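A short worksheet on the structure shown next.
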Amino acid sequence: MKLICIGRNYTEHIEELENEKPTDPVIFLKPDTAILLKKQPFFIPDFSNNIHHEVEILVKINRVGKYIDKKFAHKYYNEIGLGIDFTARDLQSQLKEKGLPWEKAKSFDGSAVVGNWLRINELGNVNDIGFTLEKNNEVVQKGNTSFMLWKIDELIEYVSKYFTLKIGDIIFTGTPAGVGEVNTNDKLKGFIENKEVFSITVK
């Protein structure tokens, strides 16, 4: 099982980090060891002084596929979730300056929150799903899949050119604007529409 993460998929987030708008989806991977275990707190790692939250809609793959055409992509998933791509922003900046890969900043143990899954028939149009992240009961990120540069089915088509998708693989579809630092004792809650799908504490 692998976590396939998409970067720079919302224009406002690209602008807030002063990144260049990509011509193709930006892809990086997280190992399964990055998944934060259920009911466990997120521990700030000792190698970073600036961990950021990035809330994202998730897609769980339910059949094996390679070179999937966009028009058939909807057959490869029936559940949508919400998660957090925790990022060691200070470490990421150092790596980017040197032209090095991001994995140490993005793929460390516990860096991927995977919330509860919702079936698509509960949600309706996957290209119009609202989601929010609350930090200490205040909304800090708010997004909608309608604002994605590349929609879910387009991402599946693109990603499957490079990686065979397997049952249980998870695609992190990118984060909207509003990313920010987390600190000890912060409480993070994620919502798809008005339904809470995860709640974690930062230690």
Side-chain angles (χ1 to χ4, degrees), residues 1-32 34-35 52-77 79-89 91-108 111-114 120 125-131 141-179:
M1 188 266 267
K2 55 189 175 289
L3 308 181
I4 303 162
C5 304
I6 306 300
R8 304 180 189 176
N9 201 20
Y10 289 83
T11 299
E12 289 183 357
H13 175 59
I14 294 170
E15 293 171 351
E16 76 176 341
L17 293 187
E18 299 180 350
N19 287 323
E20 183 179 339
K21 188 174 181 178
T23 55
D24 294 303
V26 174
I27 300 174
F28 60 96
L29 302 180
K30 289 179 183 262
D32 57 5
I35 295 176
H52 278 203
H53 56 74
E54 299 189 9
V55 73
E56 313 197 7
I57 286 288
L58 312 182
V59 180
K60 182 160 60 171
I61 300 300
N62 64 2
R63 48 194 298 201
V64 176
K66 176 73 173 173
Y67 291 109
I68 301 165
D69 191 288
K70 181 177 70 173
K71 66 186 177 185
F72 300 121
H74 67 279
K75 297 178 180 289
Y76 288 80
Y77 63 99
E79 290 180 299
I80 297 290
L82 193 69
I84 296 177
D85 164 25
F86 280 117
T87 303
R89 192 70 72 201
L91 182 55
Q92 185 190 37
S93 296
Q94 294 167 21
L95 294 167
K96 286 168 70 175
E97 284 175 7
K98 297 176 182 177
L100 296 173
W102 299 349
E103 273 73 10
K104 287 193 292 185
K106 285 278 194 179
S107 306
F108 55 90
S111 62
V113 174
V114 176
I120 288 172
N125 182 4
V126 298
N127 294 322
D128 187 19
I129 297 173
F131 59 98
Q141 285 191 268
K142 185 175 184 178
N144 190 291
T145 54
S146 64
F147 295 115
M148 288 180 173
L149 297 178
W150 292 277
K151 303 299 192 287
I152 290 171
D153 291 355
E154 294 173 306
L155 292 175
I156 288 173
E157 178 181 62
Y158 186 81
V159 166
S160 68
K161 283 197 256 182
Y162 301 93
F163 309 106
T164 297
L165 294 177
K166 292 189 170 185
I167 296 169
D169 285 351
I170 298 172
I171 299 176
F172 279 63
T173 61
T175 193
V179 302

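Position 1 is the first residue of the sequence, and the numbers go up from there. Owing to the predicted nature of the structure, the values given are computational and were not obtained by experimental measurement.
Within the 4.5 Å cutoff, the side chain of Pro176 has no heavy atoms near those of the Lys142 side chain. With a 4.5 Å cut-off on side-chain heavy atoms, His52 and Asp85 do not count as touching. At least one side-chain heavy atom of Lys104 sits under 4.5 Å from a side-chain heavy atom of Leu95. Looking only at side-chain heavy atoms (C-beta outward), Ile27 and Phe163 come within less than 4.5 Å of each other. Using a 4.5 Å heavy-atom threshold, the side chains of Ile80 and Val59 count as touching. At least one side-chain heavy atom of Leu165 sits under 4.5 Å from a side-chain heavy atom of Ile4.
Note that CD1 of Ile120 is 9.5 Å distant from NE2 of His74, once rounded to the nearest 0.5 Å. Of the inter-residue distances, the one linking Cys5 atom SG with Leu29 atom CG reads 7.5 Å to the nearest 0.5 angstrom. To the nearest 0.5 angstrom, Ser111 atom OG is 9.5 Å from Ile35 atom CD1. From Leu82, atom CG reaches atom CZ of Phe131 across 7.0 Å, with rounding to the nearest 0.5 Å. Expressed to the nearest 0.5 Å, how far CD of Gln92 lies from CH2 of Trp102 amounts to 5.5 Å.
Under the side-chain hydrogen bond (donor to acceptor under 3.5 Å, both in side chains) criterion, the residue pairs touching residues 159-174 are Lys2-Asp169, with sequence neighbours excluded.
In terms of the side-chain contact (heavy atoms from CB on, under 4.5 Å) criterion, residue partners of Pro101 (sequence neighbours excluded) are, by chain and number, Glu103. Judged as a ring pair (Phe, Tyr, Trp, His ring centres under 6.0 Å), and not counting sequence neighbours, the contacts of Phe86 are Phe42. Thr87 is linked by a side-chain hydrogen bond (donor to acceptor under 3.5 Å, both in side chains) to Glu54, Lys106, counting only residues two or more places apart in sequence or in another chain.
Taking each heavy atom of Arg8 and Trp150 in turn, the nearest pair found is O-CZ3, 3.9 Å. Pairing each heavy atom of Ile61 with each of Arg63, the nearest pair is CG2-O, 3.1 Å. Annotation for Asn144 and Tyr10: closest pair O-CE2, 3.5 Å, computed over non-hydrogen atoms. Scanning all heavy atoms of the two residues, the minimum distance from Tyr76 to Val64 falls at CE2-O, 3.4 Å.
The side chain to side chain contact (heavy atoms under 4.5 Å, CB included) test with Ile6 singles out one residue from Ile171, Thr175, Leu149, and that residue is Ile171.
Checked by atom type and distance alone, the side chain of Glu56 never pairs as donor or acceptor with a backbone atom of Ile84 at under 3.5 Å.
Counting heavy-atom neighbours within 6.0 Å of Phe28 CZ, excluding the residue itself, gives a total above 12.
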Using residues 151-158 as the side-chain source, report each donor-acceptor pair under 3.5 Å to any protein atom, sequence neighbours left out, with the distance given to one decimal.
unit_1, atom_1, unit_2, atom_2, d
Lys151, NZ, Ser146, O, 3.4
Lys151, NZ, Met148, O, 3.0
Asp153, OD1, Tyr77, OH, 2.6
Glu154, OE1, Lys151, N, 2.7
Glu157, OE2, Lys70, N, 3.0

